[in-house]
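Values below: all heavy atoms of this structure, side chains included; hydrogens, waters and symmetry mates excluded. Numbers restart at 1 for each chain; the letters A, B, ... are given by sequence-line order, proteins then strands.
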Amino acid sequence: MIAVTADPIDLAAVEALLHHPEAGGIVTFAGTVRNHNHGRQVVSLSYEAYAEMAQARMEALAREMHARWPLYRVVLIHRVGTLAIGDAAVFVGVSSAHRDVAFDACRHGIEVIKFDVPIWKKETFIGGEDWVEGCAVHG
Amino acid sequence: MIAVTADPIDLAAVEALLHHPEAGGIVTFAGTVRNHNHGRQVVSLSYEAYAEMAQARMEALAREMHARWPLYRVVLIHRVGTLAIGDAAVFVGVSSAHRDVAFDACRHGIEVIKFDVPIWKKETFIGGEDWVEGCAVHG
Amino acid sequence: MLLEVRLFAMLREAGGAERIQVRLEPGASVAALRTAIAREFPALATHLGATRVAANLQFVSDAHILSAEQEIALIPPVSGG
Amino acid sequence: MLLEVRLFAMLREAGGAERIQVRLEPGASVAALRTAIAREFPALATHLGATRVAANLQFVSDAHILSAEQEIALIPPVSGG
């Protein structure tokens, strides 16, 4: 499952997708909205995506991950719209026969999403709102 | 939450435990029962624990993890008893402000559990059953 | 040729629009697009150094040759996750 | 002193019991316990090389001094996860 979506991430459902009878290890990363950033009190975050390109880039990422590591399942989800503190904004999950593979692939997945998928985060903090400084360089 | 338990691992409940308003990243590892091992078709697994020591060792591990990395929450669960293919036998989850920390701590957690917590796995495969060869050396 | 260029996030706000139109010679490159935008859209100019260009949903280099059939977008520094 | 030693997994099955009793001199070490078990419980002897010893829920070295108040266990190679 690869998705750029306004819907909340249903962790139980995505965990179920990751299960595979030959998989021995499932590693997941959930990026959640923090209540602070650079010393500012964050009230909420809103994410804007170039949705078609983000979806295409995440699908390409999943293919790259499958080509590079022996994975059974890859789940990549990024939310768009307004999120509250504690909400999961991004989810990366992989299953593999081997835990080292699963850790490496999951970590790679979130790194590429952070550096290379056209999604932007705007913080609403006490006293204003601002785009979060992002990553310009290819990761 | 640190537990050696016969109850199934409720992934939604443990994910909820890992959330913290200051945490930006949650990394989890779930070790699931595979349908094969060393070329044998596995029917089920059963885990036996030295329960008091396993619990104490996992509680000490959680303290070690908190001391070594800036973590908000640590969840360590290992099941005992008979498990079916696909069941999660072990779960390690951590939350931190930083994803690198969360990945490193989670990976350390599962490594220590595999090498250092007194739990033993017996495989039932087609044609017999046997204890799985384990780790004798301190990890 | 007349190109439509999509804007997002801080570029969309700086430009005050979701799309801009840029006229270039046929066969112009991404580098030529950057030069034209810097000249014609001063509000976007300061952002262009850190901005990547996408054509048909893929990042392209400054040497990439553009055409009006391609979907073109400016991609300011991303901050997902 | 008479020590009770807990057995688990393959050791429990090899020994046919959840506990064994081993008589040692007061102040005996884990090394002495290993020697006594190897002599008195041939079914366990072949497993001892890879087996660790725990006292009061912690792994202890061969130099550790045992007492009847400690909860002592043999820990064969673990295979959790």
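- With rounding to the nearest 0.5 angstrom, the CG atom of L74(D) is 10.0 Å from the OH atom of Y50(B).
- Under a cut-off of 6.0 angstrom, the local environment of CD in Q58(D) is sparse, with at most 12 non-hydrogen atoms contributed by other residues, nucleotides or ligands.
- The interface of residues 13-37 of chain D with chain B, defined by heavy-atom distances below 4.5 Å, comprises E13(D).
- Contact record, I75(D) with M53(B): CD1-SD, 4.0 Å, taken as the closest heavy-atom pair.
- Atom CD in E48(B) sits 4.0 Å away from atom CZ in R12(D) (nearest 0.5 Å).
- P76(D) places a side-chain heavy atom less than 4.5 Å from the side chain of W120(B).
- Across all non-hydrogen atoms, the minimal contact from D116(B) to V78(D) is N-CG2, 4.0 Å.
- A search for side-chain contact (heavy atoms from CB on, under 4.5 Å) contacts involving R63(B) returns E59(B), A60(B), not counting sequence neighbours.
- Residue contact with chain D, scored on non-hydrogen atoms closer than 4.5 Å, is absent for A54(B).
- Taking G81(D), G49(D), A73(D), A54(D) one by one and counting their heavy-atom pairs under 4.5 Å with chain B, the maximum is reached by G81(D).
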